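Working notes, structure below.
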Amino acid sequence: MANWSDQFRARMETFGGARRAAPGEVPVSIKVRVTSGCFHREHSPHAYALIDAELQQADLAADRLAFEEHESGPEVLAYVALAAAGVGLAKSVIDLVVAILKARSESVRKGDRPSDPLEVVVRRFDESGQVRDEIAFRMGHADPVRRTEVERQLLDALNRLLRPKAAGDKPGDKRRLAPPKGRRRR
């Protein structure tokens, strides 16, 4: 059986082969994973019913993205646009990630387990062929899902991920969605 990085490479190559990058684009993975346990159909049927409804409305081919299911949680494969001012993600990519996060929150209220926090991780292969990843943020199932905050955290993580690797960089900078103003996180 292939190791994790070989499986990831195969997914990214399949994605890149089916959806060619435009000039100035880089393929990335946006993984939504539970910090403990599983986040797949068997344990999260309510979440996947909501995710499936979102996917039925999406045009993955036209939006140049892919959706992968894993035992630890869903993965969105997409292209990031590189620009002088930073990186950009298509609205459809952000909308799908937000829909996954909201589906998870709602499904836990309906009885899906486990209810452990989620981590959103962005990954890619760098120029030397090594896997690089950054934790964009962590959030609990009861934390509010705010599109603007999710987008900001994703773009921040992607900017860190896509900058040239410097000596001493530590992978996986751990971040958490900021709590609403005036409320403390417990």
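Keep in mind that what you see is a predicted model, and the values were worked out from it rather than measured.
- Distance check, rounded to the nearest 0.5 Å: OG of S115 to CZ of R109 gives 12.0 Å.
- Residue R132 holds its CZ atom at 13.0 Å from CZ of F125, rounded to the nearest 0.5 Å.
- Judged as a side-chain contact (heavy atoms from CB on, under 4.5 Å), and not counting sequence neighbours, the contacts of E71 are C38, H40.
- A salt bridge links D156 with R152: the distance from a Lys NZ or Arg NE/NH1/NH2 to an Asp or Glu carboxylate oxygen falls below 4.0 Å.
- Pairs of residues two or more places apart, or lying in two chains, that qualify as ring-ring contact (aromatic ring centres under 6.0 Å, His included) and include a residue from residues 73-118 are F15-Y79.
- No side-chain heavy atom of V120 sits less than 4.5 Å from a side-chain heavy atom of M139.
- The pair R138-E119 meets the salt-bridge criterion, with a side-chain N (NZ, NE, NH1 or NH2) lying under 4.0 Å from an Asp/Glu carboxylate O.
- Here the CD atom belonging to E149 is positioned 12.0 Å from the CG atom belonging to L101, to the nearest 0.5 angstrom.
- Residues R147 and K91 have side chains in contact (heavy-atom distance under 4.5 Å, counting atoms from C-beta outward).
- N159 pairs by the side-chain contact (heavy atoms from CB on, under 4.5 Å) definition with V87, not counting sequence neighbours.
- Within the structure, every pair that satisfies the salt bridge (Lys or Arg N to Asp or Glu O under 4.0 Å) test and touches residues 14-25, not counting sequence neighbours, is listed here: E25-R64.
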E106 vs K110, salt bridge (Lys or Arg N to Asp or Glu O under 4.0 Å): CA-CA, chis, key distance, verdict: CA-CA 7 Å; E106 187 171 320; K110 291 181 178 181; 3.3 Å; yes

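- Applying the side-chain contact (heavy atoms from CB on, under 4.5 Å) test to T148 and every residue at least two apart in sequence or in another chain returns nothing.
- In this structure, CZ in R11 is found 7.0 Å from CG in L77, a value given to the nearest 0.5 Å.
- Here E127 pairs with R124 under the salt bridge (Lys or Arg N to Asp or Glu O under 4.0 Å) rule; sequence neighbours left out.
- Remark: I94 CD1 to L155 CG distance equals 5.5 Å, nearest 0.5 Å.
- Once rounded to the nearest 0.5 Å, the distance linking CD of E75 with OG of S29 reads 3.5 Å.
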